[in-house]
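Working notes for the structure below.
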Amino acid sequence: MSVKLTIGEKEYFEGIGKIKYEGPKSDNPMAFKYYDAAKKVAGKTMEEHFRFAIAYWHTFCGTGGDPFGPGTKEFPWLNNSDPYQQAKHKMDAAFEFITKIGAPYYCFHDFDLINEGDSLSESAKRLEFITDYAQEKQKASGVKLLWGTANLFSNPRYMNGGATNPDFDVVAYAGAQVKNALDATIKLGGENYVFWGGREGYMSLLNTNMKKELDHMARFLHMVKDYGRANGFKGNFFIEPKPMEPSKHQYDFDAATVIGFLREYDLMDDFKLNLEVNHATLAQHTMQHEMAVAANAGVLGSMDANRGDYQNGWDTDQFPNNPYELVELMLVFLEAGGLQGGGINFDAKARRNSTDLIDIFYAHIGGMDAFARSLIVADDILTNSNYQNLRKARYSSFSTMDGSAFETGKLTLEELAAIASNNGELKLRSGQQELFENIINQYL
Ligand code: XLS
Ligand code: NI
Ligand code: NI
């Protein structure tokens, strides 16, 4: 039985209704086993915790092309050579999918919404047109915009970067494009605005003045922030770290690097981080490491959810499906008090050989369920297990008189040395890693 959930002319995902929660015993592949939007966990509903978002680029634009072959997926909404009509059909399909899967948010790059025109003014006109339509669709469906961004990496003009391009005219073009993308985000009530610097980096230091490029990037971000604030944008600006791909060296390498940059250039008040799982692994970190670094600095803003592949080293953007790993993320997530202003955006794509439209549903149902199950387990661990106490106990010596004098800056190095000589040789204290690891399996 299909339910009509569109305000467009055509139903694209025929025969599929709204995806419902049926619980872990259900064997219906088109139902949630764990994601129950209204269920309360740790004081908030699952919907409030996650604020799931659908990525426009992978889900409605990406037909599976890779360096070795063209797209494999037939997206009926792309079958139109008129860019305006095509954009409308794509948006009909997008809002139909987002409503049926039950995600409260979506995210886009400017030219995911509508193909770029052949001049700045034609592109601006196209964006104006499609964001008028998006306003209608958002109103009719209740779906909201988690964040918008500008694509400053696909067009050949950005081959040497956008804001960090050595050619000032390209920087100006990037400025015009970001201004339009931010205007579109503001117009649609977007809650955040993202910068991912795919080509803000370099291929060879021989032809690069890194200091100048970083100064330019900061200048650019300040300009965008000032413009946004002057035009009523109250949300967060997010930077999305990634160490490489497409650039050899990307300036927004990882969470710690970006935080250093934001502090150096006085941007911490307006910018937070949008962390992506596969980018963390490309930087040789775990996602929980990146999340903890951001949370410690008060800038854990948002998450691009996906996963990489342990046997190869690129951004495969697969859907998350590993509960053990996700529990580790959800522990950091809950202990940090959640995300600041952002949500969980599936920056993930069904595989190139997953060519049925229904595969898009399987992929998102799986991702949402994997997060939901992990949230429940992480909450259970935090409320019912010995986990936090065990970790705390490792640091108990800092609650002694000397330990707390050290923490509060009341000890000199000479005093520290005197304490050590009084203690004599020390007993080893186990880190008990395996004991900690077993807790997750026990609660899964
Ligand atoms: C690419 C990035 C990109 C950003 C948005 O690796 O993840 O998709 O999320 O520009
Ligand atoms: Ni991303
Ligand atoms: Ni990515």
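In listed order, ligands and their atoms are each counted from 1.
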Does any N or O atom in Thr149 lie less than 3.5 angstrom from one in ligand 1, N or O only?
no
Is the NZ or CZ atom of Lys10 both under 6.0 Å from the centre of the six-membered ring of Tyr12 and within 45° of that ring's axis?
yes
Of all N, O or S atoms in Glu240, identify the one at the shortest distance from the Ni ion (ligand 2).
OE2
Less than 6.0 angstrom separating the ring centers of Phe52 and Phe346, yes or no?
yes
Between His109 and Phe153, is the gap from one ring center to the other below 6.0 Å?
yes
Given His279, which partner from the list Asp304, Asn274, Asp315 fulfils the side chain to side chain donor-acceptor pair (under 3.5 Å) test?
Asp315
Check each atom of ligand 1 against the heavy atoms of Asp315 and keep those under 4.0 Å away; list them by number with element.
6 (O)
Taking Lys39 first and then Glu47, would you say they form a salt bridge - that is, a charged N and a carboxylate O separated by under 4.0 Å?
no
Option set Lys242, His58, His109, criterion heavy-atom distance to atom 6 (O) of ligand 1, minimum:
Lys242
Is it the case that Asn306 and Asn278 place a side-chain donor and acceptor less than 3.5 Å from each other?
no
Touching ligand 1 at all, Val194? Heavy atoms, strictly under 4.0 Å?
no
Kindly confirm whether the Ni ion (ligand 3) is within less than 2.8 Å of some N/O/S atom in Glu276?
yes
Measure from the side-chain N and O atoms of Ser302 to the backbone N and O of Gly343, and report whether any donor-acceptor pair falls under 3.5 Å.
yes
Region of Asn151 that comes within reach of ligand 1 [heavy atoms, distance under 4.0 Å]
neither
Please determine if Trp147 has a nitrogen or oxygen closer than 3.5 Å to a nitrogen or oxygen of ligand 1.
no
Heavy-atom contacts with Glu240 under 4.0 Å: which atoms of ligand 1 show up? List them by number with element.
2 (C), 3 (C), 4 (C), 5 (C), 7 (O), 9 (O)
Within 45° of the axis and under 6.0 Å from the centre of the six-membered ring of Tyr133, does NZ or CZ of Lys88 qualify?
yes
Does His279 have a heavy atom less than 4.0 Å from any atom of ligand 1?
yes
Please name the atom of Asp304, restricted to N, O or S, that is closest to the Ni ion (ligand 2).
OD2
Looking only at non-hydrogen atoms, find the nearest pair between Tyr193 and Ala181 and report the distance.
OH-CB, 3.6 Å
Mind checking whether the Ni ion (ligand 3) has an N, O or S of Asp315 under 2.8 Å?
yes
Note: ligand 1 atoms sitting under 4.0 Å from heavy atoms of Asp347 are 2 (C), 3 (C), 4 (C), 7 (O), 8 (O), 9 (O)
Under 4.0 Å from one or more heavy atoms of Asp304, ligand 1 contributes atoms 9 (O)
What's the atom name of the N, O or S in Asp347 nearest to the Ni ion (ligand 2)?
OD2
Asp270 bridged to Arg229 by N-O distance under 4.0 Å:
yes
